[in-house]
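Working notes, structure below.
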Protein chains: 2
Amino acid sequence: MLTDEQQETWFAYMRVVLRLQYEMNRQLQTDSGLSLADYDVLNALADSPGARLQLTDLATRIAWERSRLSHHLKRMSGRGLVERTPSESDRRATDAVLTDAGLSALRAATPGHAALVRRMFFDGLDPAALPVLRAALEAVHEQVLATGTLPRPGQRQHRLPGLQTGG
Amino acid sequence: MLTDEQQETWFAYMRVVLRLQYEMNRQLQTDSGLSLADYDVLNALADSPGARLQLTDLATRIAWERSRLSHHLKRMSGRGLVERTPSESDRRATDAVLTDAGLSALRAATPGHAALVRRMFFDGLDPAALPVLRAALEAVHEQVLATGTLPRPGQRQHRLPGLQTGG
DNA sequence: CCGGAATACATGACATGTCACGTTCCTTGC
DNA sequence: GCAAGGAACGTGACATGTCATGTATTCCGG
């Protein structure tokens, strides 16, 4: 099914993923009181226009089940990191919005997180390999999008409020 | 902290990890009734001499908290996929052993899993990039081992039973 | 060998994630 | 415009993961 070299590459990938996830989780938790899950949410929001994202879009973007996100946002909003506001474009929908406290937490956590990423991921890497690695990861990403079960992120159409032909 | 190219590479990595994890989980769950976590455990055991591994070693190998593994093995043994036997080399220790049913489940799940890996990971990849990708992942792995908080897998020393100088 | 420190694991309480389902609203075809 | 189907989200029940702690065993310095 896979060639030997593919197998070895895959095993190397899985080993990296498992350990890195473990290390990132611990570093964030102990240094910032954020879980990696929290960080992913905050990061996705901070990177979005208006620091705001509809739940389904956010879930798609970070590849979470929507109900997981719903539960998690309830907890995060209890901690003041995000707010949940009814969407203006769709009354069924909810937007998650980054709060000031959430942004501060993200900013406080980022240097330590980035330091870990640099140390564990890039410091051991031949810089000459970087462009190839990047291209490979982007190709894989494209393939996952193309053949996966989730929609592409950021491509869902929302009705824009204020554009209805007036009554 | 990170160069632009490093950042983009890192983001690509995270996007791939998040989506692939989601897709693997779903594929395994629906096609085989195994979670990705189950699969990682079964796989690690099947790959070990005697299909047996002491808990701490197994936890290190798949980068889990030991208590997570303890709970999970209890559930998996309830399903007949593994057994827990007292270790012969250390009476504090427990070995996880793959059962016949566990091996069967692993064998049944593997083709579908491998197909997904091939389709999502390797089919989109320029074969010429494979050696570089593999080397890069192995370099990162080495770096994670070198600077991480977990011991290297498979390097812990166990007292070998039957080698005591007799009484 | 003996006592204190460290290690291996289990467990209970609690945090987090999944699944099935209900409610509300939107959309589509007439 | 209206009914039927679908989409967005929340929730409760349950599966899973984490943390703090307890018990048994081993290790190590003297």
Side-chain angles (χ1 to χ4, degrees), chain A residues 18 21-22 24-30 33-41 53-60 62-79 81-82 84-96 150-151 156-161 164 167, chain B residues 18 21-22 24-30 33-41 53-60 62-79 81-82 84-96 150-151 156-161 164 167:
Chain A
L18 284 169
Q21 186 148 309
Y22 178 93
M24 287 191 291
N25 231 317
R26 284 200 149 279
Q27 184 276 326
L28 280 171
Q29 193 69 66
T30 56
L34 295 177
S35 66
L36 183 53
D38 296 332
Y39 192 86
D40 286 341
V41 168
L53 225 37
Q54 191 175 321
L55 248 67
T56 294
D57 295 329
L58 178 50
T60 299
I62 59 183
W64 284 18
E65 304 281 350
R66 280 184 312 160
S67 78
R68 171 185 181 187
L69 184 58
S70 186
H71 284 302
H72 202 88
L73 286 179
K74 181 159 52 175
R75 295 188 287 260
M76 288 181 75
S77 78
R79 295 194 280 152
L81 298 171
V82 299
R84 294 141 58 94
T85 74
S87 164
E88 301 198 350
S89 61
D90 183 336
R91 277 187 299 166
R92 294 168 301 180
T94 305
D95 286 358
L150 285 173
R156 291 175 354 105
Q157 293 306 328
H158 300 151
R159 184 168 62 85
L160 294 178
Q164 309 91 331
Chain B
L18 284 169
Q21 186 149 307
Y22 179 92
M24 287 191 291
N25 232 318
R26 284 200 150 278
Q27 184 275 326
L28 280 171
Q29 192 69 66
T30 55
L34 295 177
S35 65
L36 183 53
D38 296 331
Y39 192 86
D40 286 341
V41 168
L53 225 37
Q54 191 174 320
L55 248 68
T56 295
D57 294 330
L58 178 50
T60 300
I62 59 184
W64 283 19
E65 305 280 350
R66 278 183 313 162
S67 78
R68 172 184 180 186
L69 183 58
S70 186
H71 283 302
H72 202 87
L73 286 179
K74 182 159 51 175
R75 295 187 287 259
M76 288 181 76
S77 79
R79 294 194 283 151
L81 298 171
V82 299
R84 294 140 58 96
T85 74
S87 164
E88 301 197 350
S89 61
D90 184 335
R91 278 188 299 167
R92 293 168 302 181
T94 305
D95 285 359
L150 284 174
R156 290 177 353 108
Q157 292 306 326
H158 299 149
R159 183 169 62 84
L160 294 179
Q164 310 89 332

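Letters A, B, ... mirror the listed sequences (proteins, then strands); counts begin at 1. Keep in mind the model is a prediction, meaning the values are calculated, not measured.
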Problem - No-H, no-angle donor-acceptor pair, B:Arg92 side chain to C:dT7 base, under 3.5 Å - result: yes

Handout entry: A:Ser70 (side chain) and D:dC9 (base): donor-acceptor pair under 3.5 Å
Key = no

Handout entry: Where B:Ala59 and B:Leu69 come nearest, the two heavy atoms and their spacing
Key = N-CD2, 3.5 Å

Can a side chain N or O of [X] be found less than 4.0 Å away from OP1 or OP2 on [N]?
{"X": "B:Arg75", "N": "D:dA15", "value": "no"}
{"X": "A:Arg156", "N": "D:dA8", "value": "yes"}
{"X": "B:Thr94", "N": "C:dA10", "value": "yes"}
{"X": "A:Gln54", "N": "D:dC9", "value": "yes"}

Listed nucleotide nearest any side-chain atom of [X], set [options]:
{"X": "A:Arg68", "options": "C:dG17, C:dC25, D:dT26", "answer": "C:dG17"}
{"X": "A:Arg84", "options": "D:dT18, D:dG10, C:dC25", "answer": "D:dG10"}
{"X": "B:Arg91", "options": "C:dC25, C:dC19, D:dT25", "answer": "D:dT25"}
{"X": "B:Leu55", "options": "D:dT11, C:dC9, D:dA8", "answer": "C:dC9"}
{"X": "B:His71", "options": "C:dA8, C:dG12, D:dA8", "answer": "C:dG12"}

Rounded to the nearest angstrom, tell me the gap between atom [atom1] in [X] and atom [atom2] in [N].
{"X": "B:Trp64", "N": "C:dA10", "atom1": "CH2", "atom2": "P", "result": "14 Å"}
{"X": "B:His72", "N": "C:dT11", "atom1": "NE2", "atom2": "C1'", "result": "17 Å"}
{"X": "A:Arg66", "N": "C:dT23", "atom1": "CZ", "atom2": "P", "result": "17 Å"}
{"X": "A:Leu53", "N": "D:dA8", "atom1": "CG", "atom2": "P", "result": "13 Å"}
{"X": "A:Arg26", "N": "D:dC19", "atom1": "CZ", "atom2": "P", "result": "6 Å"}
{"X": "A:Lys74", "N": "C:dG17", "atom1": "NZ", "atom2": "C1'", "result": "13 Å"}
{"X": "B:Glu65", "N": "C:dA15", "atom1": "CD", "atom2": "C1'", "result": "13 Å"}
{"X": "B:Leu34", "N": "D:dT16", "atom1": "CG", "atom2": "C1'", "result": "15 Å"}

Fill in the blank from the handout: Assign each of A:Gln29 and A:Ser67 the nucleotide of DNA chain D bearing its closest heavy atom; nearer the 5' end lies the nucleotide of A:Ser67

Exercise for the section: Answer yes when A:Arg84 and A:Asp95 have at least one side-chain N-carboxylate O distance shorter than 4.0 Å, and no when they do not. Expected result: no

Handout entry: Exercise: do B:Asp90 and B:Ser87 side chains pair donor with acceptor under 3.5 Å
Key = no

Practice task
Check whether any side-chain heavy atom of B:Trp64 lies under 4.5 Å from a side-chain heavy atom of B:Val41, and answer yes or no.
Solution key: yes

Exercise for the section: State, yes or no, whether a side-chain contact exists between A:Met76 and A:His72 at a heavy-atom distance under 4.5 Å. Expected result: yes

Exercise for the section: Nearest-nucleotide wise, let me know which of B:Ala93 and A:Ala37 is further upstream toward the 5' end of DNA chain C. Expected result: B:Ala93

Problem - A:Thr30 side chain to A:Arg26 backbone, donor-acceptor under 3.5 Å - result: yes

